[in-house]
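Below is one structure, written out as structure tokens, with a few remarks after it.
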Amino acid sequence: MSIYYFAIVGATDNPIYETDIIPSSRSSSLIDSSRHLNQFIVHAALDVVEEVQWGTQAMYLKSVDRFNEQYVSAFVTANNVKFMLLHDQKSEDSIKNFFNEVYEVYVKILMNPFYEKNSAITNPQFDNRVKLVARRFL
Amino acid sequence: MLSLRGITEHETFDHPVAIMIVISSTNPDPMGTITQLYNPNIPSFTVDRPYVDPNILRYYVLLHDPHTASESQAQETFEKMRKTLGLHCHLLRINSKARPPETGHLLDDTDVPSAEHDADPAIREIWQHQLTESYTIESRMQAYAAATNSGSVGVSSSSSTNGLDSPALSGHTRSSSVSSNVSSLQGIPPPTTTLQTTPLEVGNTSLENEQLQQEQQKQHEPILDESTATVTKQYGRYVTDDDVNACKGMVREFVIQSMIPFMERNIQHWNEQVASARRGLTGRLFGASRRLFGSSSRTQSTHSLQTIPASGPNVPAGVTQVTIYPYSAPEAQMRKLADYAFMIRDYKFAHTIYDTVRRDYATDKAYKYHAGTQEMIGICLLMMNQHLRSKTDVDRNFELAVQQFLGRCRSPFQATRTTVMYYELLKAHRMWKEVPTALVRMTGEDSDLRSALFLEQAAHCFLRTPKPMVRKYGFHVVMAAHRYGKALQREHALRCYKLASLIFEDHTWSIAKSHIQFALGRQSFHLGQLEGAATYFANVLADAKQTPQQQAAHVREFMFIYRQYTNLSGIDPLEESLPNLRLPVFNDQHVRVSLSNAQANNTDNQEDWAAMERELLEQNIAKGFIYGSKKALALQQQHDNRVICAIGEPTIVHIEVSNPLQIAIQLNNIVLGCEHRESIKPFNEKRDPEAEAYDTMVHGTSIDNSNDMYSFGPYELQQINEITLEPMEKRWINLAIIPRKEGSILVKGVHYTLNGLVHRFHPIVKKGKRLNDTLENRRSVVYGQDHTLDIMVTSPMPLLDLQFHNVPETILSGEVVQTVLEINNKGNKGLTALRLKSSHPSFICIGNPEEMDKQIYGGNDGKSEKFALDNKLYDPSVVSVSLPKKEGGSDVGVVNSGQTTLVPLWIRGDRIGKHTFKFLFSYQSEEDDAAIAHRTMRYTLNVQVLPSLKINAFTRPSAATVNEYILGIEIENLQTVAGFQLTQLNAASPIWSIVPLSICTDSKQDVEAKTAIPPRQTTFAYYKVSKLQDVSEGAKPAALNITKLVFVSLCFHLSLLDNTYP
């Protein structure tokens, strides 16, 4: 299992949820050094997402960008909220499943009348669910 | 990058096409010199490589100077040259008045008018530019040549007069190194300067213009050298316009009549001889058979690969051997054919040839050749002025070329050149999107500076795409900056990081942002820009997402830099403010000011309180408690929503501070920044927090009898010396102000010192209510002015302080409890007109001070009592609290300054549940005050009401007599532990009386057994209701029967309302 970085980016380009998905066997110190790099890569990939999203009907945009050995897969919701996953192995199907599951959880968050659109998601339950989905599919 | 190229084995662009042999007309033996100069049997320095084809065009030029030799002599020599050497001859006349200083038999230097030097600067400039540029290039090449070829013989291709020997050259900067090199070569009579220009002479028709200049330059060098013997770096002093034209003419003739035909002939020849044979079926078969059967002999044959010792400027370190094709090999000839075709701009043909020969290279594993061909295929595709079939194809070609140059050939120079070439072509095609891919490919680890440059270019290309990709730009600029930093180009790194910080400025990508800020801080520090460094580090400090170790390191580094910065610039860090320090975090919106009598933790539901205050004020005005000029004043006061404070009364400012970091921080010398005004009008001007952030530390004089209060003239402030905020801690800081002068005090912010080193003033700006009145307001988010931090200071006023005594936390439903309200006037004036508005009027009853000892359930056993009730409707939530009357004074009650009054207050559990009673008191001073009409005070009380009994009552007519009814009461105990005792039943009615039926009141045991209700039990009690005889009938046909049941068990009571209709 490799390392993933998952971010949900609001329509106003702000990250509303971020998480590192690390297998328990690896130490987290490895991640700390590359955390800003992850942000940079995902942020830069948004440009490509905005280009690709109008060329397809699908929400899942597959792998849109790559940097060195890392790929960025994206999923755009109807709200123009983007799910970005940074990964180093290509496995389209599992990533698609992951995105779909996360989308379900996200829609539940969105249905909360107290949740303001494009604001940061701090719900710990959401965090747990995303991590659970990640363990299942990635 | 493009002009500096040595001869390489894998491409022929740098191989000579033609050679120009120049001889002076004064030469006594022209033919002999020519043969000496160029002997095809002795390979020249330039072409002495196995992969360079020595079969090149020779072009002979007779340089004729009318001042040194006669016309006829020149013509004669020229004719002789034509006869022996063929058509490729030219007679060039240079109208030079110069003469070598040694000979001295012609015109003197002094004869040359100085005006003539300046007369043709345009002509001189032809060289000026070229020379300076080529000088640097050539000097490097000479250095290389001197290192590698010191032993070899360099046959130069130009000639000079015998007299122009090295003494004349020694003063010439550009040629000095050459001459020293050349002078070591003994036995060659005419050594001259053009050794280094030979590679440049190589004809490349696509660069005609450049070539033209170089040719000219070469032509004039002998003369120039003479002239510069006296005046250094003054080239072409004696050249006239005619000469320039003659030179141009010669070059044109050379190119059109000799060189291009020569190349075309070669192309035709090779095409027929080599290429067509390879292209055809037989050629393929031949190739295949050769591969299949001739593999053993291949290495020895002249037609295939050879290995020679490596030499040349582009050989990577450690490589001693290169694999080459000798020039006569068909593969080499094919390549040359393609290069020639490319040079005369037949890109399509060139492309096919490259493509054919590429396969051969691939099968032979000649990677450098292969990479070079790939590159040329890509270039051909882009140069062909037609629509590109597929962009990826081109990109693939270049990618392969770069990969092979880098990986297999270890030749980053070639790879870089390929990339630059590709980049320039893409630029010319305006294909910005493809550029970054190409450039980023060349950003390996080997050269940080190159990678940085390429990354920066790539970043800028993202901005030029049809839809600018700003975020990509940001990322690449950061990468470029990182590389610049690694290459120690700190200014560039700083510049790039600054560009990137603009992109990330208003985003919440906090980790990326603080990475940039941190890098900016580092680079500025290394560049000695301490102020900038301190600012950038201050930006990083408050980032909560870093690990504790990192945060500690940031804080340490920031402290270090800030100390250095303040030392250097002579600033006292404890006095001056560092405005952008965002540590700790202040919650401006939660800052509030309260009077000393206010209940703590009474902060929420501001809206509710404000509504209650408004209602109370309206009631007070309607009831006449506030009248006359006070009315307007009170309304204004309500509108302003300001804190009103009398002189000498301490006022507390509550500030919420939180530490976002995972390490503890320390705050010292916390003191408020305040401003006193004479006017009591609210402060309505715009404040400028940016400017205020630079406020310096304030110092007051300490007051004798207290240790933390300091006097600042019109007010005194509390100063907290030290607090430590634990990691992630959030806490309230309470700072007191004691006003000493009437007017207004505006709380502007708070001064503090972080970790005992960095002083900062944090301006507190609170937003007022969101405005929603006009369309303009609704369209955008507009906030009104906030006056809660603007304290109004008035002359002495009464100040109410409250205390509730004997308030239980829980009461049972229906239970009544007497509590005592202690009213204390802490102000300096008498308190009067105390009014109370409560949120739960049905729970509350306030009595007179005299009723303090009244019994709650004092009943009148069995006897009838008569009441007269006022049936007026009024708001039960607003009541007056009666105060003790002054002796001899008016009829209004007054609590004098410092006095205390007790008032009884009954609380009844009216509804089950948890209740928060809000009490809002308003009171006035006994003397009229010009500034304020009344003061208010808020108080809350929490009471929980528990369920007790469930009572169900019913009546039915008595079977025995008329006008008699049976009342049945079903009582259920809802408590799980407590039992109830039924003690009393009160009836209030003018015409009905009630008598128990089921209980025998005489027997004590019976009463006890029938009136006790154990937990979770239900009992029934029956009563007879009969009409009183003495009341006249018909007066009250339907009377309201109010029945009050009183139960006693641990002092529990409850009452019941019941309507019965006769």
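Being a predicted model, the structure only gives us computed values, none of them experimental.
When heavy atoms are compared at a cutoff of 4.5 Å, Val9(A) approaches chain B solely by way of its side chain, counted from C-beta outward.
Ring orientation note: the planes of Phe504(B) and His43(A) are tilted relative to one another, at an angle of 30° to 60°.
Residues meeting the side-chain hydrogen bond (donor to acceptor under 3.5 Å, both in side chains) test with Asn777(B), sequence neighbours left out: Thr774(B).
Taking the side chain as every heavy atom from C-beta outward, Arg471(B) and Asp13(A) approach each other to under 4.5 Å. Looking at Lys467(B) and Glu50(A), their side chains come closer than 4.5 Å, going by heavy atoms from C-beta outward. At a threshold of 4.5 Å between non-hydrogen side-chain atoms, the residues Phe40(A) and His476(B) do not count as touching.
Your options are Ala44(A), Pro15(A), Ala45(A), and the one with the most heavy-atom pairs under 4.5 Å with chain B is Pro15(A). Per-residue counts of heavy-atom pairs under 4.5 Å with chain B were compared for Val42(A), Ile41(A), Thr12(A); the largest is that of Ile41(A).
Contact detail for Phe475(B) and Leu37(A): the closest heavy-atom pair is CE1-CD1, 4.2 Å. Minimum heavy-atom separation, Asp47(A) to Val470(B): OD2-N, 3.3 Å.
Other residues, nucleotides and ligands place more than 12 heavy atoms under 6.0 Å from the CZ atom of Arg450(B). Counted within 6.0 Å of CG on Asn772(B), heavy atoms from surrounding residues, nucleotides or ligands total more than 12; the atom is thus considered enclosed. Around the CZ atom of Arg731(B), the shell of radius 6.0 Å holds more than 12 heavy atoms that belong to other residues, nucleotides or ligands.
Between atom CG of residue Asn38(A) and atom CH2 of residue Trp509(B) there is a gap of 10.5 Å, rounded to the nearest 0.5 Å. How far CD1 of Ile511(B) is from CD of Gln39(A): 4.5 Å, rounded to the nearest 0.5 Å.
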If you look only at distance, which donor and acceptor atoms sit under 3.5 Å apart when one is on a side chain in residues 105-124 of chain A and the other is two or more places apart or in another chain?
| residue | atom | partner | partner atom | Å |
| --- | --- | --- | --- | --- |
| Asn112(A) | OD1 | Phe114(A) | N | 2.9 |
| Tyr115(A) | OH | Ser119(A) | O | 2.7 |
| Asn118(A) | OD1 | Ala11(A) | N | 3.1 |
| Ser119(A) | OG | Glu116(A) | O | 2.6 |
| Asn123(A) | OD1 | Gln125(A) | N | 2.9 |

(request) Starting from the C-alpha separation in whole Å, work towards a yes-or-no answer on side chain to side chain contact (heavy atoms under 4.5 Å, CB included) for Phe67(A) and Met479(B). (result) CA-CA 12 Å; Phe67(A) 177 74; Met479(B) 287 199 286; 3.2 Å; yes

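A salt bridge is absent between Lys472(B) and Glu51(A); no separation between the charged side-chain nitrogens and carboxylate oxygens falls under 4.0 Å.
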